[in-house]
Visitor: 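I have a structure here, written as structure tokens, and I will follow up with some questions on it.
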Amino acid sequence: MADEFDLFVIGAGSGGVRASRLAAAAGAKVGLAEEIRVGGTCVLRGCVPKKLLVIGSHYHDDFQDAASYGWRQAEAPELDWPALIRAKNTELDRLHGVYRQLLDKAGVEMFDGRAVIAGPHTVRMGDRSFQARHILVAVGGWPTLPPVPGIEHAITSNEALDLPELPKRIGIVGSGYIAVEFAGIFAALGVTVTQIFRADKLLRGFDEEVRSFLGEEMAKKGVHLMAGRKVREIVKRADGALDLALDDGGSVIVDTVLYATGRAPNTKALGLEAAGVRLAENGAVIVDAYSQSSVPSIHAIGDVTDRINLTPVAIAEAHCLVDTLFRGTPRGLSYENVPSAVFSQPPVSVVGLSEEEARSNLGEIDIYAAKFRPLKHSITGRDERTLMKLVVKRSDQKVVGAHMVGADAPEIIQGLAIAITMGATKQDFDRTIGIHPTAAEEFVTLREKRGD
Ligand code: NDP
């Protein structure tokens with residue numbers, strides 16, 4: 001007789017773990033299968049290790065800036081890369097342990113190994129079979145590599161987080177979140193970074209001014225940006241270096257090439273199609289507003305659904321799903337005003353609409369923006385600037401977008417996201433007293449409309 005569950009979750013990433021714990025807390029009998037390690041992309045191969053490397057790499061500038069504030073160092077500090085990687089991995093092991101403990105305490109039954117769907121209510125792991133009233137697919141995504149000759153010499157973000165040694169020269173292909181984040185990390189660590197991308201600017205889909213501004217700031221930090229180009233071929237030379245042949249006839253010689261050209265849902269050979277689950281062309285599970293697939297007992301959340309591929313979104317989808325299935329309060333998630341951050345150097349953070357989106361969707365808008373050198377750099381002399389921008393719908397004065405490029409942008413935008421979610425107007429921003437001296441206060445002191 002097969003084991004029986006109310007919910008069987010495949011994938012112990014942020015979404016799967018949260019759904020398992022919440023469902024168990026609501027009284028459901030929950031099974032959870034994971035083939036790699038509990039934690040998923042965010043904890044093990046994404047947000048957390050990346051952010052630790054961003055923090056680690058920033059010390060380079062901090063040491064330099066400290067001198068302007070009177071700190072003398074006998075010798076210039078030097079990076080022990082393996083020590084940084086070890087420290088990061090120790091933290092990941094700790095988090096992995098915490099996740100497992102939380103699941104144990106919640107009474108979730110864990111299974112290590114690959115699970116596949118064998119029917120609307122059946123999951124198979126090797127020769128074991130489980131029956132479940134509901135199955136949740138939360139298997140996330142995986143980096144994709146385009147079919148470029150020599151692509152076997154490329155690494156993805158998975159390997160970039162664990163390089164045994166730091167390369168002297170790195171080529172980074174792509175201009176999305178991952179590409180710009182790693183360009184920042186490696187450049188700050190002293191690696192010569194060349195970023196090659198096919199678009200005219202970084203971060204397609206972001207506010208155009210943000211895109212231009214970030215490019216200028218990254219170039220100042222030494223990232224060599226090669227826009228409007230593609231790698232035609234990667235050739236490994238006799239000395240081990242990689243020759244990246246570009247479509248414009250040029251070439252770039254590097255020691256390592258990192259491809260950050262997107263991620264695809266992890267749905268291959270998972271038994272979904274055979275069970276009748278409809279998939280999108282890129283393999284994403286097609287779900288309705290309640291995260292239900294075309295098979296009523298099979299649900300999916302997180303990156304595998306390719307809606308908004310961010311950890312807090314997957315977690316929020318997990319909450320909605322458990323409310324729907326086990327708490328008698330069906331609800332779907334609102335995908336409006338989801339704030340996000342790119343941990344580039346300097347970081348970018350945004351909530352709401354870009355100027356271009358607002359103009360084409362809402363008609364008349366007002367733009368308030370400021371560009372300035374942060375107080376810290378009045379003494380260091382570092383040529384680093386901050387951009388802050390508000391997009392306001394003219395008819396009702398609602399703030400529909402807030403954008404920032406500069407130190408602490410993600411910390412600042414998180415608070416503004418609450419105001420914007422609540423429907424704050426420009427006048428609400430104006431009557432808010434600033435905190436002085438901060439960069440954040442600019443958001444409540446922006447008075448001049450662009451063009452005024
Ligand atoms: P993105 O989809 O953000 O960017 C992919 C990049 O690869 C784009 O620059 C795209 O170019 C380029 N590209 C795609 N195909 C090719 C190709 N064949 N040849 C050359 N270039 C190509 O993907 P990422 O891998 O950066 O990140 C995946 C997702 O992970 C993000 O969208 C985000 O949802 C999530 N993420 C979030 C983070 C955060 O919140 N801080 C951090 C990291 C990831 P083009 O623009 O021209 O299409």
Side-chain angles (χ1 to χ4, degrees), residues 13-15 40-55 140-151 154-161 171-185 194-206 208 210-211 214-215 218 225-234 244-248 252 257-266 282 284 302-317 335 338-351 404-405 409-411 413-414 417:
S14 302
T41 299
C42 181
V43 172
L44 302 173
R45 294 176 294 280
C47 330
V48 176
K50 174 272 313 285
K51 183 85 185 273
L52 292 174
L53 293 189
V54 169
I55 295 168
W142 201 253
T144 53
L145 291 167
V148 171
I151 195 71
I155 61 166
T156 70
S157 54
N158 290 345
E159 296 77 41
L161 290 164
I172 298 184
V173 182
S175 58
Y177 282 78
I178 297 179
V180 296
E181 290 181 340
F182 275 100
I185 291 170
T194 307
Q195 192 172 345
I196 303 152
F197 49 101
R198 61 189 185 185
D200 59 334
K201 287 185 205 141
L202 302 167
L203 293 180
R204 188 193 294 278
F206 282 66
E208 287 296 315
V210 166
R211 298 178 72 191
L214 179 67
M218 283 179 60
L225 297 171
M226 299 184 84
R229 268 162 278 196
K230 273 184 165 178
V231 175
R232 195 169 39 76
E233 188 179 6
I234 305 167
L244 310 180
L246 306 183
D247 59 351
D248 65 355
V252 181
V257 62
L258 163 62
Y259 265 72
T261 47
R263 298 172 60 86
N266 257 335
N282 68 351
D303 289 5
V304 75
T305 62
D306 197 24
R307 287 177 279 185
I308 296 184
N309 299 334
L310 300 173
T311 291
V313 172
I315 290 173
E317 288 167 350
Y335 293 88
V338 171
S340 73
V342 186
F343 292 93
S344 44
Q345 299 189 30
V348 174
S349 191
V350 307
V351 58
M404 178 170 172
V405 185
E411 307 291 342
I413 292 291
Q414 180 67 85

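FYI, the numbering just counts along the sequence from 1. When a ligand or atom number is given, it counts from 1 through the structure's own listing order.
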Visitor: For ligand 1, which atoms, with element, lie under 4.0 Å from some heavy atom of Leu310?
Guide: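 This gives 37 (C), 40 (O) as the contact atoms.
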Visitor: In ligand 1, which numbered atoms sit nearer than 4.0 Å to a non-hydrogen atom of Lys50?
Guide: 41 (N), 42 (C)
Visitor: Check the surroundings of atom CD in Glu159: do more than 12 heavy atoms from other residues, nucleotides or ligands lie under 6.0 Å from it?
Guide: yes
Visitor: Can you tell me which portion of Ser175 lies within the under-4.0 Å heavy-atom range of ligand 1? Options are side chain, backbone, both, or neither.
Guide: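 Both backbone and side chain.
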Visitor: Can you name the atoms of ligand 1, numbered from 1 with element, that are less than 4.0 Å from a heavy atom of Pro146?
Guide: 18 (N)
Visitor: Would Tyr335 and Val313 satisfy side-chain contact (heavy atoms from CB on, under 4.5 Å), going step by step from the backbone distance to the final call?
Guide: CA-CA 8 Å; Tyr335 293 88; Val313 172; 3.8 Å; yes
Visitor: Would you confirm whether Gln195, through its side chain, and Met226, through its main-chain N or O, come within 3.5 Å as a donor-acceptor pair?
Guide: no
Visitor: Could you identify the single nearest non-hydrogen protein atom to atom 11 (O) of ligand 1 and state the distance to 0.1 Å?
Guide: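 Of the protein heavy atoms, Arg198 NE, 3.3 Å lies nearest.
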Visitor: Are any of the N/O atoms on Val173, whether in the backbone or the side chain, positioned under 3.5 angstrom from an N/O atom of ligand 1?
Guide: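 No - when backbone and side-chain N and O of Val173 are compared with those of ligand 1, no distance drops under 3.5 Å.
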Visitor: Has Thr261 got a side-chain atom pairing as donor or acceptor with Thr144's backbone, closer than 3.5 angstrom?
Guide: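 Between the backbone of Thr144 and the side chain of Thr261 there is a qualifying donor-acceptor contact (under 3.5 Å).
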Visitor: Is there a donor-acceptor pair under 3.5 Å between the side chain of Glu317 and the backbone N or O of Gly302?
Guide: yes
Visitor: Write out the residue and atom name of the closest protein heavy atom to atom 35 (C) of ligand 1, then the distance separating them to 0.1 Å.
Guide: Asn309 O, 3.5 Å
Visitor: Let me see the working for Tyr177 and Asn309 under side-chain contact (heavy atoms from CB on, under 4.5 Å), right down to the final yes or no.
Guide: CA-CA 11 Å; Tyr177 282 78; Asn309 299 334; over 6 Å; no
Visitor: What's the shortest distance from atom 25 (O) of ligand 1 to any protein heavy atom, and which residue and atom give it?
Guide: Gly262 N, 3.1 Å
Visitor: Please check whether Arg263 reaches ligand 1 - meaning an N/O of the residue sits under 3.5 Å from an N/O of the ligand, judged on distance alone.
Guide: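 Looking only at distances, the answer is no, because the N/O contact criterion of under 3.5 Å is not met.
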Visitor: Where is the nearest protein heavy atom to atom 6 (C) of ligand 1: which residue, which atom, and how far?
Guide: Ala260 O, 3.5 Å
Visitor: With a 3.5 Å distance limit and no angle check, can you tell me whether Asp303 reaches the backbone of Gly141 through a side-chain donor-acceptor pair?
Guide: no
Visitor: Can an N or O of Ile178 be found at a distance shorter than 3.5 Å from an N or O of ligand 1?
Guide: yes
Visitor: Can you check which of Arg204, Lys230, Lys51, Arg307 brings a heavy atom nearest to atom 45 (P) of ligand 1?
Guide: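 Considering heavy atoms of Arg204, Lys230, Lys51, Arg307, the nearest to atom 45 (P) of ligand 1 sits in Arg204.
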Visitor: Side-chain contact, heavy-atom cut-off 4.5 Å: Val350 with Ser340?
Guide: yes
Visitor: To which protein heavy atom is atom 42 (C) of ligand 1 closest, and what is the distance rounded to 0.1 Å?
Guide: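 Heavy-atom neighbour on the protein nearest atom 42 (C) of ligand 1: Glu181 OE1, 3.3 Å.
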Visitor: Does Ala341, backbone or side chain, put an N or O under 3.5 Å from an N or O of ligand 1?
Guide: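 Among all N and O atoms of Ala341, at least one is under 3.5 Å from an N or O of ligand 1.
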Visitor: Check Arg263 against Ser157 and note the closest heavy-atom contact, atom names and distance.
Guide: NH1-OG, 4.3 Å
Visitor: Among Thr156, Thr261, Val148, whose heavy atom sits nearest atom 22 (C) of ligand 1?
Guide: Thr261
Visitor: Check for a donor-acceptor pair, side chain of Arg211 on one end and backbone N or O of Leu203 on the other, with a separation under 3.5 Å.
Guide: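 It does hold such a pair.
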Visitor: At a 4.0 Å cut-off, with the gap strictly under it, does some heavy atom of Ser340 reach an atom of ligand 1?
Guide: no
Visitor: Considering only non-hydrogen protein atoms, determine which one is nearest to atom 32 (O) of ligand 1 and report residue, atom name and distance to 0.1 Å.
Guide: Tyr177 CD1, 3.8 Å
Visitor: Under the salt bridge (charged side-chain N to carboxylate O under 4.0 Å, His left out) criterion, do Arg229 and Asp248 qualify, and how do the steps go?
Guide: CA-CA 7 Å; Arg229 268 162 278 196; Asp248 65 355; 3.4 Å; yes
Visitor: For ligand 1, is there an N or O atom under 3.5 Å from any N or O atom of Gly176?
Guide: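 By distance alone, the answer is yes.
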